[in-house]
J.: 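Quick one: the structure is below, questions incoming.
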Amino acid sequence: MSKMTLKTEGDKYVIVTRRFAASPEAVYRAHIEPALVQKWMLGPEGWTMPVCINEGKPGGKIRYEWTNGKGQGFYLTGEFLELQPYSRIVHVERMHLPNPTPDNHVETRFEPDGTGTLMTMRMTLPDAATRAAMLSTGMEKGMEASYVRLETLL
Amino acid sequence: MDNLDAAFTALADPTRRAILARLARGEATVTQLAKPFAMTQPAISQHLKVLEGAGLIVSRVDGTKRPRRLARSGIEALDQWLAMLRKGLEKSYDRLDEVLALMEHRKKGEVQ
């Protein structure tokens, strides 16, 4: 519907925004109901989420397991901290690759925006370096691009 | 990707990030790398050891010198994971649009 924006704030925050042509209730539900989450939170083409545990309550556990069907996979674990239907979700998460990445504290807000919803996700990383690493787009191929990108991050 | 943890740890230090930025412009010796910093060569060597252990840089022997350069495989592993994160996020939200459209469709169906 609309392009995703991704920007930094301060030393260790990343803000992602995205508009959706649906009510805040629908967008909120699509973020915590496993049957819905499994349909979209899949990342690149070809990946599926065979395991989706989402205990949508404070202290509830999150566990997403992804596979590309070719023997590659990774998983994410996390815990819900706060839930305000249908406007706000606060949780922490970490990727396991298989070693865990630093904890990412995530606050997701859903606000009415015309007939749709503006989603604002605020991620708090442990430090500037982790955030810098997260922000590399890595879209181009080849080492030269990687070097240039790495340099702009530093 | 076993090295990812070590790579993140290595990136968590400003001196090491500056060293990587310098090496992104080309190979350099310890003397050249130490120059911009108010640090002794042993201190720089220690940082280089961490970067090497994380698979982010490699060295070669050139007489008495051991010039360092960025390690293609290490940087690419990091890069691949990061690309997956950003591109994956965009792709996921495109998919969420479809899920939401379907939810809306069903809701209307129930009302009628």
Side-chain angles (χ1 to χ4, degrees), chain A residues 1-4 6 16 18-23 25-27 29-31 36-45 47 66 72 74 95 97-102 116-117 119 121 126-130 132-141 143-154, chain B residues 1-27 54 56-57 69-108:
Chain A
M1 180 202 176
S2 75
K3 218 178 165 175
M4 184 181 98
L6 194 153
V16 177
R18 179 72 154 75
R19 284 186 171 74
F20 297 99
S23 65
E25 180 181 345
V27 185
R29 284 180 49 209
H31 274 78
L36 295 172
V37 171
Q38 271 176 310
K39 284 183 187 153
W40 68 270
M41 208 182 280
L42 303 172
E45 207 75 64
W47 288 76
W66 290 277
Q72 280 183 294
F74 58 96
M95 289 277 193
L97 303 155
N99 295 324
T101 58
T117 300
M119 184 214 70
M121 186 163 63
D127 51 59
T130 308
M134 259 191 71
L135 286 178
S136 171
T137 61
M139 295 221 184
E140 302 85 358
K141 291 278 172 207
M143 272 316 278
E144 198 53 41
S146 291
Y147 288 158
V148 171
R149 192 162 44 249
L150 182 71
E151 201 175 3
T152 59
L153 290 177
L154 305 169
Chain B
M1 288 215 178
D2 292 346
N3 254 343
L4 216 53
D5 243 17
F8 275 117
T9 307
L11 282 171
D13 180 271
T15 305
R16 289 198 288 270
R17 293 201 297 276
I19 289 171
L20 286 176
R22 167 62 188 85
L23 291 176
R25 291 196 291 275
E27 202 178 61
L56 293 172
I57 66 169
R69 64 175 191 278
L70 291 188
R72 175 184 285 263
S73 61
I75 302 280
E76 272 178 359
L78 200 63
D79 216 35
Q80 260 177 24
W81 180 67
L82 299 165
M84 201 162 73
L85 205 72
R86 161 97 203 207
K87 283 177 88 174
L89 204 57
E90 279 174 346
K91 183 80 199 157
S92 289
Y93 286 139
D94 290 345
R95 231 180 256 119
L96 177 53
D97 284 336
E98 290 166 28
V99 171
L100 293 167
L102 206 66
M103 285 167 80
E104 192 65 20
H105 189 72
R106 281 190 191 147
K107 203 168 117 193
K108 275 182 187 150

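Order of the sequence lines fixes the chain letters, A, B, ..., with proteins taken first and strands second; residue numbering starts at 1 for each chain. Fair warning: this is a prediction, and the values are worked out from it, not measured in the lab.
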J.: Quick one: CD on B/Glu90 to CZ on A/Arg18, what's the gap to the nearest 0.5 Å?
T.: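 Separation between the atoms: 9.0 Å.
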J.: Can you tell me which portion of A/Val37 sits under 4.5 Å from chain B's heavy atoms? Options are side chain, backbone, both or neither.
T.: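 Nothing of A/Val37, per the 4.5 Å heavy-atom cut-off to chain B.
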J.: A/Lys39 and B/Arg95: which non-hydrogen atoms are nearest, and at how many Å?
T.: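 So the minimum-distance heavy-atom pair works out to O-CD, 3.4 Å.
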J.: In Å and rounded to the nearest 0.5 Å, what is the CE to CG distance from A/Met41 to B/Leu96?
T.: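 Output value for this atom pair is 8.5 Å.
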J.: Taking atom CZ of A/Arg19 and atom CG of B/Asp97, what is their separation to the nearest 0.5 Å?
T.: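 Interatomic distance, A/Arg19 CZ to B/Asp97 CG, rounded to 0.5 Å: 13.0 Å.
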J.: Measure the acute angle between the ring planes of B/Tyr93 and A/His31, then classify it against the limits of 30° and 60° as parallel, tilted or perpendicular.
T.: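 B/Tyr93 and A/His31: tilted rings.
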J.: For the residue pair A/Leu42 and B/Ser92, what are the closest heavy atoms and their distance?
T.: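 Closest approach of A/Leu42 to B/Ser92: N-OG, 3.4 Å.
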